Amino acid sequence: MDIMRIDHLHVKGFEYEGFKGAFERLMGKEFYLDDMEFEDQGTVVSYEPYPVGMELFNPTDATLTSGRLASMSNPGVFAVSYKVPDIEVGIADMQAMGYELIEVFDFGDIKEAIFETYRTFGFYVELISYPGDSITEVYNNVV
């Protein structure tokens with residue numbers, strides 16, 4: 001498996017607004033993307049790529065994949081997102097190791113795939129692929 005680095009962490013706090021505010025005070029700035037609602041995934045997310053690389057989840061619908069994963073997880077880090085050069089190769093590698101693909105997210109140049117690894121690692125493994133080194137540059141060109 002060709003892993004380039006940890007890209008970001010998926011985190012759930014005890015209480016979304018309180019955790020978000022505390023983390024913004026700790027970072028000394030607001031989240032880069034704040035309270036993005038993903039109705040089709042059952043979550044509201046705040047995202048900060050630098051310096052920490054954190055995606056803060058507020059589950060809103062536990063019947064949908066992301067909402068279910070966040071709802072079932074204890075507060076804290078529940079998934080680690082690894083940057084890979086090629087998402088399709090990464091998916092094939094993870095499946096060859098026996099890990100079940102839960103879902104693929106396609107945001108144009110940004111692609112993610114999350115796997116059922118919780119029973120093995122105590123967190124879910126997500127792979128993410130995008131061109132270059134800066135997700136903010138890619139994101140700014142997508143929206």
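Values in this document were obtained by computation on a predicted structure and should not be read as measured data.
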Exercise for review: State which residues pass side-chain contact (heavy atoms from CB on, under 4.5 Å) with Lys83; sequence neighbours excluded, sorted by chain then number.
Suggested key: Met4, Arg5, Asp7, Ile128, Tyr130

Point to revise | Which residues share a salt bridge (charged side-chain N to carboxylate O under 4.0 Å, His left out) with Asp106, sequence neighbours left out | key: Lys111

Review point. Who passes salt bridge (charged side-chain N to carboxylate O under 4.0 Å, His left out) against Asp34, sequence neighbours left out?
Key: Lys20

Compare every heavy atom of [Y] with every heavy atom of [X], then report the nearest pair and how far apart it is.
{"X": "Val138", "Y": "Ile110", "answer": "CG1-CG1, 3.6 Å"}
{"X": "Thr136", "Y": "Pro49", "answer": "CG2-CG, 3.3 Å"}
{"X": "Ala79", "Y": "Ile114", "answer": "CB-CD1, 4.4 Å"}
{"X": "Leu64", "Y": "Glu39", "answer": "CD1-O, 3.0 Å"}

Check your understanding: How far apart are the C-alpha atoms of Val125 and Tyr82, what are their side-chain angles, what is the distance that settles it, and do they pass the side chain to side chain contact (heavy atoms under 4.5 Å, CB included) test?
Key -> CA-CA 8 Å; Val125 167; Tyr82 297 97; 3.9 Å; yes

Practice item. Please list, chain by chain and in numerical order, all residues satisfying ring pair (Phe, Tyr, Trp, His ring centres under 6.0 Å) with Tyr50, sequence neighbours excluded. Key: none

Review point. By ring pair (Phe, Tyr, Trp, His ring centres under 6.0 Å), which residues pair with Tyr118, not counting sequence neighbours?
Key: Tyr124

Cut-off 3.5 Å, no hydrogens considered: what does the side-chain donor-acceptor table look like for residues 69-78, sequence neighbours left out?
| from | atom 1 | to | atom 2 | distance (Å) |
| --- | --- | --- | --- | --- |
| Ser71 | OG | Gly67 | O | 2.7 |
| Ser73 | OG | Leu69 | O | 2.6 |

Can you measure from [atom1] ([X]) to [atom2] ([Y]) and round to the nearest 0.5 angstrom?
{"X": "Tyr32", "Y": "Ile135", "atom1": "OH", "atom2": "CD1", "answer": "9.0 Å"}
{"X": "Glu30", "Y": "Leu33", "atom1": "CD", "atom2": "CG", "answer": "12.0 Å"}
{"X": "Ser66", "Y": "Phe57", "atom1": "OG", "atom2": "CZ", "answer": "5.5 Å"}

Check your understanding: Under the side chain to side chain donor-acceptor pair (under 3.5 Å) test, which residues partner Glu48, sequence neighbours left out?
Key -> Lys29

Exercise for review: For Thr120, check side chain to side chain donor-acceptor pair (under 3.5 Å) against everything at least two apart and list the hits.
Suggested key: none

**Study point:** Intermediate values then yes/no, side chain to side chain contact (heavy atoms under 4.5 Å, CB included), Phe31 and Glu24
**Key:** CA-CA 7 Å; Phe31 279 89; Glu24 286 176 337; 3.4 Å; yes

Review point. Just by distance, do the side chain of Thr60 and the backbone of Thr43 share a donor-acceptor pair under 3.5 Å?
Key: yes

Exercise for review: Answer yes or no: is there a side-chain heavy-atom contact under 4.5 Å between Leu127 and Ile87?
Suggested key: yes

**Study point:** Cluster overlap Phe23 with Phe14, hydrophobic side-chain contacts below 4.5 Å
**Key:** no

Check your understanding: After noting the C-alpha distance and the side-chain angles of Phe38 and Val45, does the key distance pass the side chain to side chain contact (heavy atoms under 4.5 Å, CB included) rule?
Key -> CA-CA 8 Å; Phe38 293 97; Val45 173; 4.1 Å; yes

Check your understanding: For residues 9-18, which residue pairs qualify under side-chain hydrogen bond (donor to acceptor under 3.5 Å, both in side chains), counting only residues two or more places apart or in two chains?
Key -> His8-His10, His10-Glu55, His10-Glu126, Tyr16-Asp35, Tyr16-Ser46

Which pairs would a plain distance check flag for residues 93-105, meaning a side-chain donor or acceptor within less than 3.5 Å of a matching protein atom at least two apart in sequence or in another chain?
| from | atom 1 | to | atom 2 | distance (Å) |
| --- | --- | --- | --- | --- |
| Glu103 | OE1 | Thr65 | OG1 | 2.7 |

Exercise for review: List the steps, then state whether side chain to side chain contact (heavy atoms under 4.5 Å, CB included) holds for Phe107 with Glu112.
Suggested key: CA-CA 8 Å; Phe107 304 105; Glu112 299 175 314; 3.5 Å; yes

